[in-house]
Each structure stands twice: as C-alpha cells, then as structure tokens.
Amino acid sequence: MTASIWFQATLLLCGVFFNAVGSFVGINIGTDISNLPSAVEIVAILRAHQITHVRLFDADARMLNALSNTGIEVMVSVTNEELTTIGESPSAAADWINKNVAAYVPTTNITAIAVGSEVLTSVPNASAVIVPAMNYLNKALVASNLNYLVKVSTPHSMGIISRPFPPSTATFNATWNSTIYQILQFLKNTNSFYMLNAYPYYEYVKSNGIFPLEYALFKPLPSVKQIVDPNTLFHYSSMFDALVDATYYSIAALNFSGIPIMVTETGWPWSGGANEPDATEENAEIYNKNLIRRVANDSGPPSQPAIPINTYIYELFNEDKRVGPESGRSWGILFTNGTAVYDIALSTSESLDANSSTVFCIARSGADESSLQDGLNWACGPGQANCRPIQQGQPCYNPNTLQNHASYAYNDYYQKMHSSGGTCDFGGTATTTTVDPSYGSCRFTGSLNSSTGGGLFPPPAFGPVCPSSGSSQNLVPLGTVFALFAVLFLFSMDVEHFVA
C-alpha cells in the first residue's frame, strides 16, 4: 500500500470514529508576560495539570516543537497583524500553512486555526480580508490533505450581537451582516465551528445591576430571580448559557443551522482596581469551577441541548505586561512557576491545588543525560520500579524522552520505598514536587487516580488516537481497528491494481 493511501486510510478511520463523546475544557496561553517560562517548561506545566487542549495566540515554533508527541490538541492562530498579507495572497496563506501546520502535523496535534482575534470589533478595517484569508488557508490545507484534521474559523466577541437578551430575539449587528453571512457560509461548507469569546464578567459589569452576580457565576437563583426568555419560556440558569444561545439565535436569524459554537475565551479576573469590586479571587474560583462543571455535563444551551459547549478558559498565566485596568493582568489560573492562583480542577481527575499534600519524585530539569540514564537503569533494575508503562506502546511511553521515562521510574521507586528510607535523589538528577505529573492516560504512582499497585494490571488494548477538532481524543477498540485496516488494505490493493 502506498504511503498516500495509508495516510488517507488513517483519515478515514478518524472520520469513522469521530463523535462528540465528551466535551472538553482547554486553556488559552497568552505571552504578554515579563518572566514567561520556556516552551518546554510550559508544556511540562500543561502535562502536570493534565491539560489536553490549548489555544496559542500565534504559531510559535518553540511551543509547537515542545508540544510534539504529547497528544495535546493545539489551536494555532493567525495574528491580526498577519491577516492582511494572508487575505490578499493565496501564496502567503500556503506558506503560512506549510511553515506553521504541515511542518508539525502529525507529531504536534494541531486541530484548528483561529484566523485573527475579534477582527470585526477590534480591527474593523481588516474585515474585508477575513473571509478571503479563511478561504486561502483552507485551500492550502486541502492541498496538503490536512483539511480533515485541521479546521479554520475566526473568534468573535459578543460585541457583534446588538442585544443578547432575550436570546430568542438576538441578531448580529446589521453593519456586519454581509461579512458574517460569508463567514457562516464558510463554516457550513467546511464543517467547522463558530468561535465565540463570551465573558459574563464584562456583561455583568455592563448591566449595572440588571442581572444578579449569582447569574454570572453559575450560582443557583431563587425563584423570584429566575431568568426566563419571554418568547420561548426557556429558563437560563447562567449568563454563559444565555450568551451562547444568543449567538445560536443570531446565526439562525441569517438562516443557518448545524454550526456548533465553541467558546474560545471565557473566564473571570481574580484581582482588580478600586473600581473593579467584582474582580476577586473568590469570584474567579467560583466562576471557573462552575464553568468546568457546566461544560462537563455534555449539554448545550436551552435551544441546542444536544450540542456540548467545548470551552477554552482565559487564561493559563497572568499577563502582567498588559496595559489598562488591573483586572486585565489578573485572568490567569496559574503563576509562572506552575503553582495555582486558587484551587481549581480542569478535569475530574486532578486538582490544581497549590497546597497538595502528595509528593512526587521527578527528573530534575536540565539534569545531565548520562546521569539520568544511569538513574533510569538503576530504578528499573536494582530499584525494582515498575517500568512497564514506559515501554513502547504503553500509556507513559510518549513523549519518548529520557526525562519523561526517568520521571516515571523515579517516582514509582520513590512511592514504593520512601516509607522505608528510599530517597528522591538519584545522583542529584531527581527532585520532589507536589504537582501531579500524570497526563492523559499516563498515571504516576501516588496520584489520586493512579491504578492500584502502580500499574500491576496491563492496560486494555486500544487503537490509534485520532485528532479531531471540537472533541476530545477518542480511543478505538483494537479488534475493530484491525478489521477496518484489513478492509482498507484490500481496498487499496484493488486501487493499486486498477491504477497499474
């Protein structure tokens, strides 16, 4: 079978098994930071906190390299500054795809491209090139056989919707109708999604007390404060749901349906100036915890209950170099050293609690590779660590790096032996941390969700992981994969015979 046919067979398998089996919460990574960690350090933080989806505001080569072989789904971005060049030149769009997407896929799991950021409201002069830019980029993906894996869209603010409440009467600002219509047509034709930046914090502040704070924070409302759309009689338990539904109704007003909404930005600032009393650590913690619970129930807003709301929290770190109100520098959920601003769980399997009492033993960053190899050999040999999970084909094999494998082996040894005198040293190549280094299906011994005995039972056999936009990665039973590949192989043989 030719490489081309095998590649298309893999795409077909991904298409066969793609289904929205679970919504996800991802994270935005801003870089306007005075002491930004290195790309390798950022990815280590992402893995430690089991973050499976990230959105970059550019296509930084260091980040894309560091994210390779992690399985983390990546949304890259065309910056507003790049937009005009790409929107006026198909060759510039092709160059951008070749440089920032094709060069990294499939080892880096790029699944989406955000073209610009809130272009219609932040750089309206560029509105004429947004649709051509999206089209040129998608054509370049098609030429690279990547359009099935990578979807193209553009994030919008709520500012393009004139009156979001009641949701049933919401419409886009007529000024942008022609451009928005073309964007929606593109999304429909390419099976992409509408990217929405929805901030209940800002909507609550602008409402001047019309809506209760509890409504913005996903808190239960007393019966006398229930928010009901008078036209549909839908009850809205949160402002977040109302904003998403207002967008669905605005899309429907232009006679489009079947375009799912992905929330590319939302969050709550944990600190603010004297005139920003609602930007508090308590409110930020409440909002983001309740947001995660809301997204995790796999349902949509009242008008679209069957469509989950995949969401990216804004943001990973506090961008201290941003100008403007103090709240603008206080959206991060982590400090740059990886500790949590407040206790928050990005999944049901771990908590970003800076005060965790569990101690893990991991390889020290920057340790000498020869010493690391010696430490790994000792841990898996005389140290009797369970090193099966870091063997090829096992859940902790990737990323296939000495530091990753040593971290797993060191920790397994430490968890079993520290109570009887075992230390976390390994010739100075190891260090302790309270941050759970588990990621994906790789569970480190000692994690609250690690399997009994540190992996005494072999994991079930699964097939390939298919990257998909708008969904978490899905695992396929191995027998089914073998059967389908057999069919595809026979099909490919017929094709080759016919071509010959």
Side-chain angles (χ1 to χ4, degrees), residues 20 22-32 42-43 45-47 49-60 63-64 67 70-79 108-118 150-158 187 192-202 218 238-241 243-244 247 260-270 284 287-298 300-301 307-319 328 330-334 341 344-347 352 467-473:
S23 51
F24 65 78
V25 175
I27 198 81
N28 286 273
I29 305 178
T31 57
D32 208 2
I42 292 173
V43 172
I45 290 171
L46 296 174
R47 289 177 55 206
H49 295 306
Q50 302 173 46
I51 295 170
T52 60
H53 295 73
V54 299
R55 176 191 174 203
L56 308 180
F57 288 96
D58 51 24
D60 182 76
M63 280 297 299
L64 293 176
L67 285 161
T70 63
I72 295 172
E73 291 197 20
V74 183
M75 180 188 299
V76 293
S77 299
V78 173
T79 65
T108 300
N109 193 11
I110 299 172
T111 58
I113 301 171
V115 183
S117 178
E118 301 184 354
V150 184
K151 294 302 178 183
V152 176
S153 189
T154 182
H156 300 284
S157 74
M158 285 300 301
L187 300 179
S192 190
F193 36 84
Y194 184 102
M195 293 180 174
L196 171 66
N197 294 346
Y199 286 98
Y201 170 75
Y202 289 129
F218 297 90
S238 72
M239 187 179 287
F240 177 83
D241 277 73
L243 296 177
V244 174
T247 307
I261 291 174
M262 172 185 287
V263 175
T264 37
E265 291 180 27
T266 192
W268 198 282
W270 59 270
Y287 179 83
N288 282 324
K289 280 185 173 180
N290 286 338
L291 168 73
I292 292 165
R293 293 189 188 101
R294 166 65 190 88
V295 174
N297 71 19
D298 288 342
I307 306 177
I309 311 172
N310 293 323
T311 300
Y312 291 81
I313 290 177
Y314 185 84
E315 59 185 330
L316 186 62
F317 302 123
N318 300 301
E319 293 186 273
S330 307
W331 291 82
I333 63 171
L334 299 179
V341 175
I344 180 175
L346 284 180
S347 71
L352 305 185
S468 61
S469 61
S471 75
S472 56
Q473 294 176 348

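Of the N and O atoms on the side chains of S23 and D298, at least one donor lies less than 3.5 Å from an acceptor on the other residue.
Considering every non-hydrogen atom in both L243 and A198, the closest pair reads CD1-CB, 4.2 Å. Shown here for P260 and I307, the closest heavy-atom pair between the two residues is CB-CG2, 4.0 Å. In plain terms, the two heavy atoms of Y194 and T247 that are nearest each other are CE2-CG2, 3.5 Å. S153 and L187 make their closest contact through OG-CD2, 3.5 Å (heavy atoms, listed as atom of the first residue, atom of the second, distance). What you find for K151 and S192 is that their closest heavy atoms are CB-OG, 3.7 Å. Closest approach of W331 and P269 over heavy atoms only: CH2-CD, 3.3 Å.
By the side-chain contact (heavy atoms from CB on, under 4.5 Å) test, T264 is found to be paired with R55, M75, P155, M195, N197, M262, residues two or more places apart in sequence or in another chain being considered. For D60, the salt bridge (Lys or Arg N to Asp or Glu O under 4.0 Å) partners two or more places apart in sequence, or in a different chain, are R62. For the ring-ring contact (aromatic ring centres under 6.0 Å, His included) test, residues two or more places apart in sequence or in another chain that qualify with F218 are F240, Y287. With sequence neighbours excluded, the residues satisfying side-chain contact (heavy atoms from CB on, under 4.5 Å) with T31 are L36. Applying the ring-ring contact (aromatic ring centres under 6.0 Å, His included) rule to Y312 yields the partners F24; only residues at least two apart in sequence or on another chain are considered. Every side-chain contact (heavy atoms from CB on, under 4.5 Å) that E319 has, sequence neighbours left out, goes to D32, I33, Y314, E315, R322. In this structure, the side-chain hydrogen bond (donor to acceptor under 3.5 Å, both in side chains) partners of S157, at least two apart in sequence or on a different chain, are T121. L64 is linked by a side-chain contact (heavy atoms from CB on, under 4.5 Å) to L56, A59, V74, V76, Y104, T108, I110, counting only residues two or more places apart in sequence or in another chain. Listed by chain and residue number, R293 satisfy the side-chain hydrogen bond (donor to acceptor under 3.5 Å, both in side chains) test with N290 (two or more places apart in sequence, or in another chain). With sequence neighbours left out, D241 forms a side-chain hydrogen bond (donor to acceptor under 3.5 Å, both in side chains) with S238, R294.
For the pair I27/I333, a side-chain contact is recorded, criterion being any heavy-atom separation below 4.5 Å from C-beta on. Taking 4.5 Å as the limit, every side-chain heavy atom of V25 sits out of range of all side-chain heavy atoms of H53. Looking at heavy atoms from C-beta onward, V54 lies out of side-chain contact with L316 at the 4.5 angstrom threshold.
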Legend entry - Step-by-step side-chain contact (heavy atoms from CB on, under 4.5 Å) determination, Y199 to M158: CA-CA 8 Å; Y199 286 98; M158 285 300 301; over 6 Å; no
Legend entry - Chi angles and distances behind the side-chain contact (heavy atoms from CB on, under 4.5 Å) call for N109, L67: CA-CA 8 Å; N109 193 11; L67 285 161; over 6 Å; no
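Here the CD1 atom belonging to I344 is positioned 4.5 Å from the CD1 atom belonging to I313, to the nearest 0.5 angstrom. Atom CD1 of I29 and atom CZ of F317 lie 7.0 Å apart (nearest 0.5 Å). Remark: I261 CD1 to F193 CZ distance equals 12.5 Å, nearest 0.5 Å. With rounding to the nearest 0.5 angstrom, the CG atom of L46 is 5.0 Å from the CD1 atom of I72. One distance of note links CD1 of I42 with CE of M63; it measures 5.0 Å at 0.5 Å rounding.
For the side chain to side chain contact (heavy atoms under 4.5 Å, CB included) criterion with R47, the lone passing option out of V43, I51, I45 is V43.
Of the possible polar contacts, one joining the T154 side chain to the V115 backbone as a donor-acceptor pair under 3.5 Å is found.
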